[in-house]
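Everything below concerns the one structure shown next.
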Amino acid sequence: MSRESEFLIYCMERYRYYKKLSGKEVAEIFEKSGVNEYIIKCYGALHTVGEEYLMNDIEEYIAENGFSNNNAQS
């Protein structure tokens with residue numbers, strides 16, 4: 001498994017804990033909002049930041065792409 005894929009899994013798990021969501025909900029949010037591709041593409045910069053910054057960045061990216069947690073359950 002690549003470092004980028006491992007980091008994506010880490011981000012998904014931390015976001016799941018941070019937002020108190022199921023793994024399925026996080027997977028759906030990340031897929032529909034494009035976060036998966038964003039994290040892989042920007043791995044070089046993102047893996048160097050702290051967890052709080054990372055979670056805020058992911059939330060901002062999701063919001064900018066018009067996706068909210070409420071959409072995950074539809």
Side-chain angles (χ1 to χ4, degrees):
M1 182 179 296
S2 70
R3 292 180 303 190
E4 292 85 350
S5 296
E6 288 177 0
F7 184 65
L8 174 59
I9 292 168
Y10 167 79
C11 291
M12 292 177 84
E13 285 298 315
R14 297 312 305 153
Y15 191 77
R16 181 181 67 81
Y17 176 78
Y18 177 72
K19 298 298 283 185
K20 297 177 178 44
L21 298 169
S22 72
K24 182 179 178 181
E25 289 170 320
V26 172
E28 189 173 324
I29 291 168
F30 275 38
E31 181 66 31
K32 289 185 177 180
S33 66
V35 173
N36 292 340
E37 292 81 14
Y38 170 67
I39 290 172
I40 298 295
K41 179 180 173 188
C42 298
Y43 167 79
L46 292 176
H47 85 282
T48 65
V49 301
E51 185 176 312
E52 185 175 347
Y53 180 91
L54 182 60
M55 294 299 105
N56 289 334
D57 191 56
I58 290 171
E59 274 206 321
E60 186 176 309
Y61 188 88
I62 290 168
E64 286 176 1
N65 286 287
F67 197 84
S68 70
N69 290 340
N70 296 336
N71 297 103
Q73 299 169 16
S74 40

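All residue numbers refer to positions in the sequence shown, counting from 1.
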The criterion is side-chain hydrogen bond (donor to acceptor under 3.5 Å, both in side chains); which residues satisfy it with Y61, sequence neighbours excluded? none
More than 12 heavy atoms of other groups within 6.0 Å of E64 CD: yes
Intermediate values then yes/no, side chain to side chain contact (heavy atoms under 4.5 Å, CB included), I29 and V35: CA-CA 8 Å; I29 291 168; V35 173; 5.6 Å; no
Spatial distance of atom OG (S5) from atom CD1 (I39) [nearest 0.5 Å]: 11.0 Å
Please test E60 against N56 for side chain to side chain contact (heavy atoms under 4.5 Å, CB included), starting from the C-alpha separation and ending with a verdict. CA-CA 6 Å; E60 186 176 309; N56 289 334; over 6 Å; no
Atom CD1 of I58 and atom NZ of K19: how far apart are they, to the nearest 0.5 Å? 11.5 Å
N/O donor-acceptor pairs under 3.5 Å from side chains in residues 7-14, not counting sequence neighbours:
{"residue": "Y10", "atom": "OH", "partner": "E51", "partner atom": "OE1", "Å": "3.3"}
{"residue": "E13", "atom": "OE1", "partner": "R16", "partner atom": "NE", "Å": "3.1"}
{"residue": "E13", "atom": "OE1", "partner": "R16", "partner atom": "NH2", "Å": "2.9"}
{"residue": "R14", "atom": "NE", "partner": "E51", "partner atom": "OE1", "Å": "3.3"}
{"residue": "R14", "atom": "NE", "partner": "E51", "partner atom": "OE2", "Å": "3.2"}
{"residue": "R14", "atom": "NH2", "partner": "E51", "partner atom": "OE2", "Å": "3.1"}

Tabulate below the donor-acceptor pairs under 3.5 Å that side-chain atoms of residues 41-50 make, not counting sequence neighbours, or state none.
{"residue": "H47", "atom": "ND1", "partner": "Y43", "partner atom": "O", "Å": "2.8"}
{"residue": "H47", "atom": "ND1", "partner": "G44", "partner atom": "O", "Å": "3.3"}
{"residue": "T48", "atom": "OG1", "partner": "A45", "partner atom": "O", "Å": "2.6"}

Path from Y53 to M55 over hydrophobic side-chain contacts below 4.5 Å: yes
Show the numbers, then the answer: is there a side chain to side chain contact (heavy atoms under 4.5 Å, CB included) between Y38 and D57? CA-CA 11 Å; Y38 170 67; D57 191 56; 2.5 Å; yes
Going from CG on N65 to OG on S33, what distance comes out if it is rounded to the nearest 0.5 angstrom? 6.0 Å
Are Y17 and F30 connected, step by step, through hydrophobic side chains (Ile, Leu, Val, Met, Phe, Trp, Tyr) whose heavy atoms are closer than 4.5 Å? no
